[in-house]
Amino acid sequence: MIIGAIEAGGTKFVCGLFETSRPGEKPILLLRTSIPTTTPSETIEASLAWFGSAGYRAERLGIGSFGPVDLDPASPRWGYITSTPKPFWRDTPLATFFRDRLDIPVAFDTDVNAAALGEATWGSGVGLSDLIYITVGTGIGGGVLSGGRLVHGRNHPELGHIKTGHLPGDTYGGHCPFHRDCLEGMAAGPAIGERWGARAENLPADHPAWELEAGYLARAFAAYTFTLSPRAIIMGGGVGMRPGLAERVETLLRSELAGYVGDLLPLSGEDYEGYVRRPGLGHEAGLFGSAALTLAPA
């Protein structure tokens, strides 16, 4: 079976075609491409053109999208990107464009929910029915798997917009246009750049930015641990995958938890990979996860 997948990001749409033959096996990535995210019409048409010329016909398509999005299958706006601050993309019927033009079933979720499912299926969350995938990059977003199923509820989790308060000595006001000093406003890539006057990737390992970054993430991860009780938190994204950050966050997280939920030890019979861990699928978690959406039970 040929599966199409789109990781629809605010900077680029990563499109892929996979082949899968046996249930549960990791699919083979046949082809992939990256298309800049400009206007909806330009980006969608370029993506459709790629699928049309790739030499394979997908039988189904999975889309993991930046948001917020409407995930209610009973809603007339299912498949829409809704109240996004991304210019031109507000109220875009993303999933229905692809469903109608390709004439195939489309599975649709957030990019981070897709990545969470991908990591649980083929990455560093294999065997875990309860986990969080959080991406830390241009923005911060999180997907939640609970009892083996992705969490939706009223809409979908917005883990990047919880309030963390200011760490001692930090006078930075915050970057988020909605909430200013939520987690995304204090710890995403643009906040690091504004606070320190340099892009995150250009800051050395011993720069004080990283202790502050780990501190904000640890506060947020404590809140997630208390409320959602995951068995692991998988941290991806350009900032989140920086070497050593996951380990530092876990160290500070233990202090935040203060032993209240017990030590973050491995489950019985499990090799300890870290409670806060890097994605096993690396930067492809979202693309493989979008493919996994098409294989998940309804």
Side-chain angles (χ1 to χ4, degrees), residues 64 109-137 139-153 156-164 167 182-184 186-189 210-267 270-286 288-289 292:
D109 215 311
T110 65
D111 49 0
V112 282
N113 259 355
L117 183 61
E119 286 294 321
T121 308
W122 302 301
S124 61
V126 169
L128 303 183
S129 60
D130 305 273
L131 62 81
I132 291 171
Y133 177 91
I134 188 157
T135 182
V136 185
I140 296 179
V144 180
L145 192 77
S146 180
R149 300 182 69 88
L150 293 171
V151 172
H152 293 150
H156 51 78
E158 286 286 3
L159 301 186
H161 291 273
I162 68 167
K163 291 282 191 173
T164 58
L167 289 173
C182 61
L183 177 65
E184 179 173 292
M186 300 302 287
W210 297 114
E211 189 70 12
L212 196 66
E213 181 74 5
Y216 280 113
L217 292 170
R219 278 194 176 183
F221 289 10
Y224 306 155
T225 299
F226 286 137
T227 56
L228 297 169
S229 196
R231 297 187 183 274
I233 298 175
I234 301 169
M235 186 166 63
V239 175
M241 291 179 64
R242 185 177 176 95
L245 183 59
E247 293 81 2
R248 185 58 186 150
V249 172
E250 181 167 322
T251 296
L252 295 178
L253 174 58
R254 291 173 184 271
S255 296
E256 292 283 345
L257 297 175
Y260 188 75
V261 295
D263 200 6
L264 302 176
L265 294 173
L267 304 176
E270 176 187 75
D271 292 333
Y272 189 55
E273 298 181 44
Y275 180 74
V276 180
R277 58 183 72 169
R278 292 163 62 91
L281 296 170
H283 292 292
E284 300 282 20
F288 273 86

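- The heavy-atom pair separating T121 from A292 by the smallest distance is OG1-CB, 4.4 Å.
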>> L131 vs I233, test: side-chain contact (heavy atoms from CB on, under 4.5 Å). Steps then yes/no.
In response: CA-CA 6 Å; L131 62 81; I233 298 175; over 6 Å; no
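- Between E213 and V136 there is a side-chain heavy-atom pair separated by less than 4.5 Å.
- The nearest pair of heavy atoms linking C182 to G160 is SG-O, 3.9 Å.
- I234 places none of its side-chain heavy atoms less than 4.5 Å from the side chain of I134.
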>> Evaluate L159 against I132 for side-chain contact (heavy atoms from CB on, under 4.5 Å), listing each step before the verdict.
In response: CA-CA 10 Å; L159 301 186; I132 291 171; 3.8 Å; yes
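- Remark: S129 OG to R149 CZ distance equals 12.5 Å, nearest 0.5 Å.
- R278 pairs by the side-chain contact (heavy atoms from CB on, under 4.5 Å) definition with M241, not counting sequence neighbours.
- Panel note: side chain Y216, backbone L167; a donor-acceptor pair is recorded below 3.5 Å.
- The closest side-chain heavy-atom distance from V276 to L217 is not below 4.5 Å.
- Of all heavy-atom pairs between V239 and G189, the closest is CG2-CA, 4.2 Å.
- Scanning both residues, A120 and L145, for their nearest heavy atoms gives CB-CD2, 3.5 Å.
- In terms of heavy-atom proximity, F288 sits nearest to W122 at O-CZ3, 3.3 Å.
- By the 4.5 Å heavy-atom criterion applied to side chains, L252 and R254 are not counted as neighbours.
- With hydrogens and angles ignored, the 3.5 Å screen pairs a side-chain donor or acceptor of R277 with a backbone N or O of G274.
- A salt bridge links R248 with E211: at least one charged nitrogen is closer than 4.0 Å to a carboxylate oxygen.
- Contact record, A220 with L183: CB-CD2, 3.6 Å, taken as the closest heavy-atom pair.
- Judged purely by atom type and a 3.5 angstrom limit, D111 has no side-chain atom pairing as donor or acceptor with the backbone of G64.
- By the 4.5 Å heavy-atom criterion applied to side chains, I162 and Y224 are counted as neighbours.
- Partners of E284 by side-chain hydrogen bond (donor to acceptor under 3.5 Å, both in side chains), not counting sequence neighbours, listed by chain and number: R32.
- Remark: E250 CD to S255 OG distance equals 11.5 Å, nearest 0.5 Å.
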For residues 112-119, which side-chain donor-acceptor pairs fall under 3.5 Å, sequence neighbours excluded?
unit_1: N113; atom_1: OD1; unit_2: V144; atom_2: N; d: 3.2
unit_1: N113; atom_1: ND2; unit_2: D109; atom_2: OD1; d: 2.9
unit_1: N113; atom_1: ND2; unit_2: V151; atom_2: O; d: 3.4
unit_1: E119; atom_1: OE1; unit_2: S124; atom_2: N; d: 2.8
unit_1: E119; atom_1: OE1; unit_2: S124; atom_2: OG; d: 3.1
unit_1: E119; atom_1: OE1; unit_2: G280; atom_2: N; d: 2.8
unit_1: E119; atom_1: OE2; unit_2: G280; atom_2: N; d: 3.4
unit_1: E119; atom_1: OE2; unit_2: L281; atom_2: N; d: 2.9

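- Counting heavy atoms from C-beta on, the side chains of M235 and F221 come closer than 4.5 Å.
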>> Under the criterion side-chain contact (heavy atoms from CB on, under 4.5 Å), I'd like the reasoning laid out for L257 against T225: C-alpha separation, chi angles, the key distance, then a yes or no.
In response: CA-CA 9 Å; L257 297 175; T225 299; 4.1 Å; yes
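- Side-chain atoms of Y275 and P230, non-hydrogen and from C-beta on, do get closer than 4.5 Å to each other.
- Checked by atom type and distance alone, the side chain of E184 pairs as donor or acceptor with a backbone atom of I140 at under 3.5 Å.
- One finds the CD atom of E256 at 12.5 Å from the OG1 atom of T251 (value rounded to the nearest 0.5 Å).
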